[in-house]
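Values in this document were obtained by computation on a predicted structure and should not be read as measured data.
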Amino acid sequence: MEAGLPADPAQAGPRLSRRTPAARTGIVHLGPGAFFRAFNAVYTHEAMAASGGDWGILAVSLQSPTARDQLMPQGGAYHAVTRGPNGDVPEVIEAITGVLVAPENPAAVVAAMSDPAVRIVSLTITEKGYRHAPATGRLKMDDPDVRHDLAHLDRPVTAVGFIVAALMQRRARGARPFTVQSCDNLPDNGRLARGVVLEFATAIDPDLAAWIAAEGRFPSAMVDRITPATTTEDLDRLARQTGLADAAAVFCEPFRQWVVEDDFVDGARPAWDRAGVQMVRDVTAHEAMKLRCLNGTHSTLAYLGYLAGFETISQTVAAEGYAGMLQRLWREEILPTVPQPEGEDLPGYCAALLARYSNPAIRHRTWQIAMDGSQKLPQRLLATLAERLAVGEPAPGLILAVAAWMRYMGGVDDAGAAIALKDPLAAELKAASDRAATAADRVAAFLAFDAIFPAELAGSPTCAAALTRAYETLQTRGAHACVKEYADA
């Protein structure tokens with residue numbers, strides 16, 4: 001049993017509660033899911049422990065009350081459990097000062113973000129939360145929720161609507177803007193956040209947009225820590241270990257890396273560097289390294305692994321051919337496209353990734369990683385593929401991965417079992433797949449989704465032919481056989 005855990009799981013013993021006074025709120029965070037609790041909040045907790053400061057985090061759920069119902073009976077405290085081959089190491093995190101549920105009281109969220117004491121608004125809202133077209137990065141003005149917010153900015157529902165509504169109030173009061181800190185797996189995530197905010201603000205008031213552009217800051221960041229979905233079995237195990245029931249606990253790998261452009265309004269930020277954050281001038285090369293080397297191969301494993309019947313990433317990597325596939329994919333197709341990040345050993349980084357994927361203590365489900373692929377593929381796989389094809393270089397592994405996504409979105413795995421598709425475009429993609437009579441027709445139907453595929457791929461006969469061959473082979477021989485053939489070539 002996984003996501004949707006009850007607020008008070010059936011566990012013996014007293015419930016975890018806050019042990020120290022809450023810091024004053026200096027950050028509002030939109031999207032208080034498991035990754036935020038395993039990452040942003042941990043770094044901020046450790047930064048305040050090292051250097052102090054009023055950097056408590058007010059967490060805001062844009063949808064469900066689950067995070068509030070789990071965290072607030074515990075005073076915002078919870079365990080972040082590092083899960084390695086030698087066992088679990090729990091740490092109590094107390095950075096969260098409160099939780100608001102935006103649909104219940106959007107005005108309260110805007111008021112909190114408008115408080116001048118709040119100097120950062122951070123985001124883990126997933127790719128689809130930016131309401132942008134992944135192929136272009138532009139705000140989808142025809143999105144129903146974006147249209148709602150443009151007409152009713154007094155009760156927004158989107159992250160961009162809340163940000164602009166709060167910045168508008170701050171400007172009207174003569175207050176400084178806050179820094180918008182994106183922590184999602186997107187290339188140039190700060191630039192993307194800035195772009196959609198300015199597009200929205202321009203539609204409301206061009207003068208407001210000009211003020212945000214001049215005075216606001218949107219630093220990009222690279223984030224990395226594998227955080228599987230928490231299960232009731234995880235919570236029961238933690239309760240036995242600590243003697244405390246904790247409905248909000250998260251479980252994560254030992255590795256973590258946060259690289260942030262040090263560009264904040266008035267220089268105001270926690271001492272994250274004291275907690276191990278790499279503060280840099282330009283994060284572009286680190287982003288490319290992570291998105292292509294880690295996220296690209298994570299998605300590759302998810303689609304090819306799920307089709308072949310593997311439940312977790314560690315099970316997939318342990319199967320014949322998959323580790324070899326990764327090594328060839330990194331060496332021949334991905335690393336040649338990655339600029340050298342400052343202070344990084346790229347082959348060593350990939351070797352460490354393979355070890356992280358192989359960690360049996362981390363049960364990261366292939367289905368979990370496979371969700372929302374229409375939003376993830378452009379930056380994880382398609383940009384790399386487009387670069388390879390543009391210079392006439394082969395990319396059979398990337399082609400295989402994209403074809404596997406197409407097979408996955410057809411809704412049936414290699415054993416003939418139905419796939420529970422979870423994607424903003426699931427219905428449209430499944431319908432396109434069902435209407436197609438041949439593999440070539442199916443590939444052409446997918447390539448026609450211009451919100452996913454850039455023009456240089458969608459209009460490339462070479463790309464279409466290669467995807468069709470890969471799709472046909474997946475269809476006739478199965479994912480596992482295709483992986484072994486690629487690894488052995």
Side-chain angles (χ1 to χ4, degrees), residues 30-31 60-64 102-103 106 109-110 113 121 123-168 180 182 184-210 212-213 216 218 371-380 382-383 386 405-406 409 421-435 444-459:
L30 307 183
V60 176
S61 173
L62 295 174
Q63 296 181 351
S64 82
V109 175
V110 174
M113 294 167 65
V121 171
L123 312 170
T124 51
I125 54 176
T126 76
E127 292 88 349
K128 61 187 176 184
Y130 292 81
R131 308 301 174 114
H132 71 299
T136 65
R138 298 295 301 274
L139 182 66
K140 294 191 287 188
M141 290 294 189
D142 60 346
D143 180 280
D145 290 337
V146 172
R147 290 203 310 267
H148 169 276
D149 286 0
L150 289 169
H152 307 286
L153 200 54
D154 59 326
R155 51 182 191 279
V157 297
T158 68
V160 68
F162 278 106
I163 289 169
V164 173
L167 288 171
M168 183 167 64
V180 176
S182 173
D184 286 295
N185 284 320
L186 290 157
D188 294 328
N189 50 23
R191 180 186 56 80
L192 172 65
R194 185 179 190 272
V196 295
V197 165
L198 291 180
E199 284 187 77
F200 188 98
T202 299
I204 296 291
D205 177 358
D207 290 339
L208 171 63
I212 296 171
F218 297 80
M371 66 175 62
D372 298 334
S374 67
Q375 311 298 296
K376 297 174 179 176
L377 251 66
Q379 60 271 9
R380 294 187 175 199
L382 300 184
W405 169 76
M406 292 178 173
M409 294 310 298
L421 300 175
K422 187 174 181 182
D423 190 289
L425 298 178
E428 297 94 324
L429 291 164
K430 178 68 164 56
S433 179
D434 290 346
R435 287 194 300 268
F446 280 117
L447 288 173
F449 281 82
D450 58 9
I452 304 172
F453 288 91
E456 60 266 33
L457 292 181

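A donor-acceptor pair under 3.5 Å is absent between the side-chain atoms of D184 and the main chain of L186, judged by distance alone. Checked by atom type and distance alone, the side chain of Q375 never pairs as donor or acceptor with a backbone atom of M371 at under 3.5 Å.
Residue Y130 comes nearest to A193 through the heavy atom pair CE2-CB, 4.1 Å, listed as atom of the first residue, atom of the second, then distance. Shortest non-hydrogen contact noted between P378 and S374 is CD-O, 3.6 Å. The shortest non-hydrogen separation linking A426 to L421 is CB-CB, 4.2 Å.
Residues that satisfy the side-chain contact (heavy atoms from CB on, under 4.5 Å) test with A458, not counting sequence neighbours, are F453. Annotation: side-chain contact (heavy atoms from CB on, under 4.5 Å) contacts of Q63 (sequence neighbours excluded): none. In terms of the side-chain hydrogen bond (donor to acceptor under 3.5 Å, both in side chains) criterion, N189 has no residue partners (sequence neighbours excluded). For K128, the salt bridge (charged side-chain N to carboxylate O under 4.0 Å, His left out) partners are D372, not counting sequence neighbours. Applying the salt bridge (charged side-chain N to carboxylate O under 4.0 Å, His left out) rule to R147 yields no partners; only residues at least two apart in sequence or on another chain are considered. Every residue meeting the salt bridge (charged side-chain N to carboxylate O under 4.0 Å, His left out) condition with D188, not counting sequence neighbours, appears here in chain and number order: R191. Listed by chain and number, the residues in a side-chain hydrogen bond (donor to acceptor under 3.5 Å, both in side chains) with T136 amount to none (sequence neighbours excluded). When the side-chain hydrogen bond (donor to acceptor under 3.5 Å, both in side chains) test is applied to K430, the partners found at least two apart in sequence or on another chain are D434. By the side-chain contact (heavy atoms from CB on, under 4.5 Å) test, A432 is found to be paired with R435, A445, F449, residues two or more places apart in sequence or in another chain being considered. Checked against side-chain hydrogen bond (donor to acceptor under 3.5 Å, both in side chains), R194 has no partners two or more places apart in sequence or in another chain.
Using a 4.5 Å cut-off on side-chain heavy atoms (C-beta onward), L425 and I452 make contact. Contact annotation: the side chain of R380 approaches that of N185 to within less than 4.5 Å [non-hydrogen atoms, C-beta and beyond].
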Using distance only, find each side-chain donor-acceptor pair of residues 196-205 under 3.5 Å and give its atom names and separation, not counting sequence neighbours.
{"from": "E199", "atom 1": "OE1", "to": "R138", "atom 2": "NE", "distance (Å)": "2.9"}
{"from": "E199", "atom 1": "OE1", "to": "R138", "atom 2": "NH2", "distance (Å)": "3.0"}
{"from": "E199", "atom 1": "OE2", "to": "R138", "atom 2": "NE", "distance (Å)": "3.2"}
{"from": "E199", "atom 1": "OE2", "to": "L139", "atom 2": "N", "distance (Å)": "3.0"}
{"from": "T202", "atom 1": "OG1", "to": "L198", "atom 2": "O", "distance (Å)": "2.7"}
{"from": "D205", "atom 1": "OD1", "to": "D207", "atom 2": "N", "distance (Å)": "2.9"}

Could you pull out all donor-acceptor pairs under 3.5 Å where a side-chain atom in residues 155-167 meets a protein atom, sequence neighbours excluded?
{"from": "R155", "atom 1": "NH2", "to": "H152", "atom 2": "ND1", "distance (Å)": "3.2"}
{"from": "T158", "atom 1": "OG1", "to": "D149", "atom 2": "OD2", "distance (Å)": "2.6"}
{"from": "T158", "atom 1": "OG1", "to": "G161", "atom 2": "N", "distance (Å)": "2.9"}

